[in-house]
Number of protein chains: 2
Amino acid sequence: MGKSAARLKDIAEKTGFSVNTVSLALRGSPRIPDETRRQISEAAEQLNYLPNQVAKSLVLKETKSIGLILTDITNPVLTAVAQAVELELSKRGYLTLFATSNSNPELERKMIESFRARRADGMLVFPCNHRKLDHIRQLRARNYPVVLLVGDPDAGVDAVCMDERAGAFKAVSHLLENGHRRVAIFDGSGQEGNREKIDGYKMALAAADVAFDDALVVAPNGHDVRSGYQAMEALAARDVGATAVICPTDSAALGALRYCVRHGIRVPQDMAIFGFDNTEFGEHAVTALSSVNYDIGAITKLAIDRVISLINSEGDLPQAEVTQVEPDLVIRESTAPLSAD
Amino acid sequence: MGKSAARLKDIAEKTGFSVNTVSLALRGSPRIPDETRRQISEAAEQLNYLPNQVAKSLVLKETKSIGLILTDITNPVLTAVAQAVELELSKRGYLTLFATSNSNPELERKMIESFRARRADGMLVFPCNHRKLDHIRQLRARNYPVVLLVGDPDAGVDAVCMDERAGAFKAVSHLLENGHRRVAIFDGSGQEGNREKIDGYKMALAAADVAFDDALVVAPNGHDVRSGYQAMEALAARDVGATAVICPTDSAALGALRYCVRHGIRVPQDMAIFGFDNTEFGEHAVTALSSVNYDIGAITKLAIDRVISLINSEGDLPQAEVTQVEPDLVIRESTAPLSAD
DNA sequence: GTGAAAGCGCTAACAG
DNA sequence: CTGTTAGCGCTTTCAC
């Protein structure tokens, strides 16, 4: 805390007015005549006065700050989310309190408490687990504004997010329409309760009357490049005739691509690769990635609109609302119709 | 601000003790007998009490929060820095206030003010401009703990950072030792006052008695993948016989690599590519990038040690100290000795 | 037009 | 052992 900052009192003493007058003048009250205001402003300037927001927060009961909790900012989409949230929030006069849960539910809980103790006006959270949301539901029940960046339609908590189920559905359908029949997917199949992608995958298969085959789903160790490489290695080892694969993220897709390049598997001719999230590195990969676009701008804007409206709501919070943004596909070089041979 | 949270007063009324006793009990003062403490804790629990940090901050004159200002979190190194800073800070009981300057000096200034108004105990800043640091110097002069993540040895402000000059020197020297004579560099040559890399580049040439040639330096539009691609395109168009290139970031190097792959330039045989920062996407590129390592863990730890020691220093701040961490090279597939042909 | 007083939720100093 | 008082820096209400 900047050691000895000037206070209203200091400028009051310097100018001979009372603390009250100074406060009013500095906040531009019409009740203060111009000359007085001028003197006060000048003294404030000289003393390098900056209002103490913590004192202000205490009386106003609002901190103009919003907490953002992400699992891991290293994931490029979350990086972009953090950037977008901070930018939008600062435009609206809010400060961003930032924390990472490292996908650890215990830490997530701790950070939520910490934000609450600091009286953040609201929170945006990308939860570790898409299903176990009791602690967050409870927060909301106590009228604390929270909105999730991941959506469970019946979680009872506000959320705005990409519709991953629809994204996976579209991507798989696209592949199917282009003649692929053996479409693999890298997915943890719900270990973390995040079943959206695999659900969409199955729906697309069903809609096209293609049988689901367990052998085509491989559980990666994570969502990063290395995990994608390893998953592709595992898939190749199974030798189950896959001609296309849906990856959980662009990073994983990049790893898969790398495996293919290094093992003489041509992309997209021998193996079509679909990424998720449409990131910069996917777009500019040696073979540009087809991907499911994550419309970060739209999502963060909606999410922020929502928390702020919750913050400004009188009395009890309104009913929870979940908004799913339907993603578009971005088709580039890593996918192509199944070739005849 | 969570609408109606329990206060010490509420639990005082509920238990019949005074606010003071409750406060002491909850903070584990030895002066309070176990039975009293038990009753109080129980009541606190029931009321779902959480201490109001803003009130606490007001009296204690410390917020246990530190501001982090980055230019642009989208740059993978800065992403990693943000992650590392948040993690380390939370381990030490500090909250991270986060802001982005978007490389805009005006915004940077504004964010610094905002943090100061909120009485962040200190700040970590990655400034837009490595030379124009007056506003920050001034802050420090008023005893505000700041440490920069970019170093100007004679800025008069604490800093801990990677020694980019040494990094560039090492990378260029490595190339030179491996027979390269026409080493290009993508660098803005100091438009933003960030001359470290080009300085190191020139020093290495001088040390090896290789003449500096303007034609080998191309100014990129930025540090991202696309800029790297364009810079490589520009370099190729000049046709000045470059056999190696130093890129300002791994992202730019990835762009350069992409250009080469798409135009039949073999990497590293026809063109050796050196990146900077050693990022995940560089490591796992189709042709793994040689790079100058940015030891984020070490740097953030030192920087945080420093701000915290400044925060805890009594009276005036001690003399500014700048710590430069010398980077190591990571040699992978994108560079090789100049081939004889 | 301007000032005095009270209070936000908490801690610290001092009594008892 | 526990309670009372004062005060952190600000805003708000109400007098003058």
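Protein chains get the first letters and strands the later ones, always in sequence-line order, with residue 1 at the start of each.
A salt bridge is absent between A:K61 and A:D121; no separation between the charged side-chain nitrogens and carboxylate oxygens falls under 4.0 Å. Taking 4.0 Å as the cut-off between side-chain N and carboxylate O, B:R109 and B:D134 do not count as a salt-bridged pair. With respect to A:K110 and A:E106, no salt bridge is recorded, no charged nitrogen being found less than 4.0 Å from a carboxylate O. With respect to B:E113 and B:R119, no salt bridge is recorded, no charged nitrogen being found less than 4.0 Å from a carboxylate O.
What separates CD1 of B:I11 from C1' of C:dT11 is a distance of 15 Å, to the nearest Å. One atom, CD of A:E35, and another, C1' of C:dG1, lie 14 Å apart when rounded to the nearest Å. Going from atom CG of B:L24 over to atom C1' of D:dC1 covers 10 Å, rounded to whole Å.
Taking side-chain N and O atoms only, B:T21 has no distance below 4.0 Å to OP1 or OP2 of D:dT2. When the side-chain nitrogen and oxygen atoms of B:T36 are compared with OP1 and OP2 of D:dT2, one or more of them lie within a distance under 4.0 Å.
In the model, A:R7 has no side-chain atom that pairs as donor or acceptor with a side-chain atom of A:N52 under 3.5 Å.
The closest side-chain heavy-atom distance from A:D10 to A:K14 is not below 4.5 Å.
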Notebook entry, point to check: Taking it one step at a time, do A:N143 and A:D316 satisfy side chain to side chain donor-acceptor pair (under 3.5 Å)?
Noted result: CA-CA 6 Å; A:N143 282 321; A:D316 283 355; 3.0 Å; yes

Could you list, one pair per line, each protein nitrogen or oxygen that sits under 3.5 Å from a nitrogen or oxygen of nucleotides 13-16 of chain D, together with the distance?
unit_1, atom_1, unit_2, atom_2, d
D:dT13, O4, A:N20, ND2, 2.9

Pairwise N/O distances under 3.5 Å, protein to nucleotides 6-10 of chain C:
unit_1, atom_1, unit_2, atom_2, d
C:dC8, O3', A:K61, NZ, 3.2
C:dG9, OP1, A:K61, NZ, 2.8
C:dG9, OP2, B:R7, NH1, 3.2
C:dC10, OP1, B:Y49, OH, 2.6
C:dC10, OP1, B:N52, N, 3.2
C:dC10, OP2, B:L8, N, 2.6

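Residue-environment remark: CD (B:E35) exceeds the threshold of 12 foreign heavy atoms within 6.0 Å.
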